[in-house]
A.B. asks: 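This is the structure, below, for whatever I ask next.
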Amino acid sequence: MINGERIILRALNQSDSILLLHWVNNPRLKELTGTVYPVSELEHKQWFEKKIVDQFSKIFGIEDTESKKLIGIIGLKQIDFINRNAELYIYIGEEDLWGQGLGTESVKLMVDFAFKEMNLHRIQLFAFSYNTRAIRSYEKAGFIVEGILKESVFRAGAYHDRILMGIISKY
């Protein structure tokens, strides 16, 4: 476990899977994560089992320390141990907890863990240009905009930019 003030990053359990399936099919969350199609139980089961054992990916549950409930996920994918970099992803699945700084705290904890414990040097992520709340959160965690992929995402009948953000280890 990785302990923060208001959240804990912990291993996911099989019992968490059904909640993740509910979140991934939430229309409001889908527009922020980029999921387009509905996800079936079978697809989700296969994704979950593969993600848990993937050596180039690490996923954690975000647990609220007060309620002891799972509220989201955060992870690193495409971990490159030679060049010491990875791509970060996160979402808070419980909408009533959006905008309370729990995502920012989670990102800070994950970045600190990746740099200090995994010996990574660089972490990058992508955000949709319309997700200004996420972009502000990443900036608070120390990420900077490194590039813009112009009109690379099609959502709700329009093209949007994807923002590439990164952070370099200071250790």
A.B. asks: Under a 4.0 Å threshold between the charged nitrogen and the carboxylate oxygen, would Arg10 count as salt-bridged to Asp16?
C.D. replies: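 Salt bridge: yes.
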A.B. asks: Using the rule that Ile, Leu, Val, Met, Phe, Trp and Tyr join whenever any side-chain heavy atoms are under 4.5 Å apart, tell me whether Met110 and Ile144 fall into a single cluster.
C.D. replies: no
A.B. asks: Look only at the side chain of Asn83 and the backbone of Asn85, and say whether a donor-acceptor pair between them is shorter than 3.5 Å.
C.D. replies: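 Checked: no pair found.
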A.B. asks: In plain terms, say whether Glu41 and Lys45 are close enough for a salt bridge, that is, a side-chain N and a carboxylate O under 4.0 Å apart.
C.D. replies: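 No, Glu41 and Lys45 are not salt-bridged.
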A.B. asks: Give me the atom names and distance for the closest heavy-atom approach of Thr35 to Arg155.
C.D. replies: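 Heavy-atom minimum between the residues: N-NH2, 4.5 Å.
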A.B. asks: Do Arg136 and Thr132 have side-chain heavy atoms sitting under 4.5 Å apart?
C.D. replies: yes
A.B. asks: Tyr89 and Leu76: which non-hydrogen atoms are nearest, and at how many Å?
C.D. replies: CE2-N, 3.8 Å
A.B. asks: Does Phe60 have any ring-ring contact (aromatic ring centres under 6.0 Å, His included) partners at least two apart in sequence or in another chain, and if so, which?
C.D. replies: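 Partners of Phe60 by the ring-ring contact (aromatic ring centres under 6.0 Å, His included) criterion, ordered by chain and then number, come out as Phe113.
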A.B. asks: Take atom CZ of Phe154 as the centre, draw a 6.0 Å sphere, and report whether it contains more than 12 heavy atoms from other residues, nucleotides or ligands.
C.D. replies: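 Count over threshold, so yes.
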A.B. asks: By side-chain hydrogen bond (donor to acceptor under 3.5 Å, both in side chains), which residues pair with Asp64, not counting sequence neighbours?
C.D. replies: Ser67
A.B. asks: Begin from the C-alpha positions of Tyr130 and His160 and carry the test ring pair (Phe, Tyr, Trp, His ring centres under 6.0 Å) through to its verdict.
C.D. replies: CA-CA 7 Å; Tyr130 56 79; His160 304 276; 4.8 Å; yes
A.B. asks: Can you list the other members of the hydrophobic cluster that holds Ile82, where links are side-chain heavy atoms under 4.5 angstrom apart?
C.D. replies: none
A.B. asks: Do Ile90 and Leu97 share a hydrophobic cluster (ILVMFWY, side-chain heavy atoms under 4.5 Å, transitive)?
C.D. replies: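 Yes: a chain of side-chain contacts under 4.5 Å links Ile90 to Leu97.
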A.B. asks: Would you call Glu66-Arg6 a salt bridge at under 4.0 Å N-O?
C.D. replies: no
